[in-house]
Amino acid sequence: MIFENNLTFAASLDAQDPLAKFRADFHFPNSNGKEFIYLCGNSLGLQPKSAREVVELQLNNWQNLAVEGWFEGDSPWMFYHKELKELMAPIVGALPAEVCPMNTLTVNLHLLMVSFYKPQGRRFKIVMEAGAFPSDQYAIESQVRFHGYDPAESIIEVAPRAGEYTLRTEDIEMVIADNAADIALVLFGGVNYFTGQWFDMPAITTAGHAAGAIVGFDLAHAAGNVPLSLHAWDVDFACWCSYKYQNGGPGGISGIFVHERHFSDTTLNRFAGWWGYQEEQRFKMDKGFVPERGADGWQVSCTQVMPMALYHASLLIFEEAGFICPLRTKSETLTAYLIYIVNEVNKLLGKDLYQIITPSAAADRGAQVSIIAKENAKLIFDELVANQVLGDWREPNVIRLSPVPLYNSFTDLFKTGELLLRISKEVAG
Ligand SMILES: *Cc1c(COP(=O)(O)O)cnc(C)c1O
């Protein structure tokens, strides 16, 4: 598509957008009655207008049924997770039995590593991406220590080549192959939070399995963003948060994936709790933990009804939108348009003030464009916010803008470019 940097063109793309109507399903932040252009859905997705109603339904259940709510009402809490599983499965490309909503993301990362990081003899190392989100770094480091190993010796980080910002798949594959006999676990992000790079997950999974390792993914920036086929790709386990691209609300509930292949493996360690116990027998309160079959067997505590209701509200919107495929089609065009717009700003300034570090190939990125501002970066970012364009700032000089296909428009991106040009002229002369 040949893009144009003008409002008429952006508006014409919006007029042809089959998802345009979903924008009205979300609350946009505003100040003095003026709505922000919101490009921060990679950090916290917007509130679906339906969230209040879905939560209110559960508040009413609690009010009117109290403890009976576990088994009474339209959707008894005891089985509420099953409704969500059906809606979560298409988002990550899994069987409903392979996914379950529970806890929060880093907690689930720990619980899954308890099961799937099984260091033994020479095979104790973990391969991960350099510069992973800090919580993942800390979780992995502390798991390694928990097993009595030294993180410095046990964690192999794959880093970009000198002068590059993103990883090459062949480099990831080579690190895995070169260390094949030593690796217990390959644990990668799906989409990197800093650069927006979408890693070649099937290639990483194949390489990890060829090395004899278990392969897991943190999908915080991938779930609800890019099309995933966790089951078909043969991924061993994964987890994600619901509050970024899936609009599940701040601190919202996390989801896990465990491949069907592992359902009958009785050798897996678990940090168990009563809610992971076989559902039919749970209330016998017997001694000796017997897990429920599937991802549900990793549950620890009883159903978190309110966070699940928030996630539910958003999942229903995904269902109505046709889950990921239609969103992805729009998303690729949105990011391509944003990259074009930023390059136009450089052109109109007559200098390359902005450098995009997100991959230029649509297949290698999610719904995020990470931009280095070479001068006055923080000042530029602050001016964007002051003028009601809300992106996200990362030290030392990166502005992340995330156009989300469910609620962002091409006009949002044109207006952002117009503002960026004006600010750049003011602050960078
Ligand atoms: C957002 C994010 C987290 C946050 O973890 P919480 O436990 O939800 O606070 C962790 N890992 C990655 C990769 C993330 O992007």
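FYI, the numbering just counts along the sequence from 1. Note that the structure is predicted; figures quoted are calculated from it, not measured. Both counts, for ligands and for their atoms, begin at 1 and track the order of listing.
At under 3.5 Å, a nitrogen or oxygen of Lys244, whether backbone or side chain, sits near a nitrogen or oxygen of ligand 1. Close N/O approach between His221 and ligand 1 is found [any backbone or side-chain N/O within under 3.5 Å].
Within the 4.0 Å heavy-atom criterion, both parts of Leu105, backbone and side chain, lie near ligand 1.
Between the OG atom of Ser370 and the CZ atom of Arg394 there is a distance of 9.5 Å, given to the nearest 0.5 Å. Interatomic distance, Asn103 CG to Ser254 OG, rounded to the nearest 0.5 Å: 7.0 Å.
Taking the centre of each ring, Tyr80 and His312 come in below the 6.0 Å mark. When ring centroids are compared, Trp70 and Trp275 come within the 6.0 Å threshold. Here Tyr38 and Phe28 keep their ring centres 6.0 angstrom or further from each other.
For atom 13 (C) of ligand 1, the nearest non-hydrogen atom of the protein is Phe133 CB, 3.3 Å. Annotation: atom 9 (O) of ligand 1 to nearest protein heavy atom, Tyr243 OH, 3.5 Å. Protein heavy atom nearest atom 11 (N) of ligand 1, with residue, atom name and distance: Asp136 OD1, 2.6 Å. Looking at atom 7 (O) of ligand 1, its nearest protein heavy atom turns out to be Thr106 OG1, 2.5 Å.
In the vicinity of Ala220, heavy-atom distances shorter than 4.0 Å reach the ligand 1 atoms 2 (C), 12 (C), 13 (C), 14 (C), 15 (O).
Within the cation-pi definition used here (under 6.0 Å to the ring centroid, within 45° of the axis), Lys330 does not qualify as a partner of Phe22.
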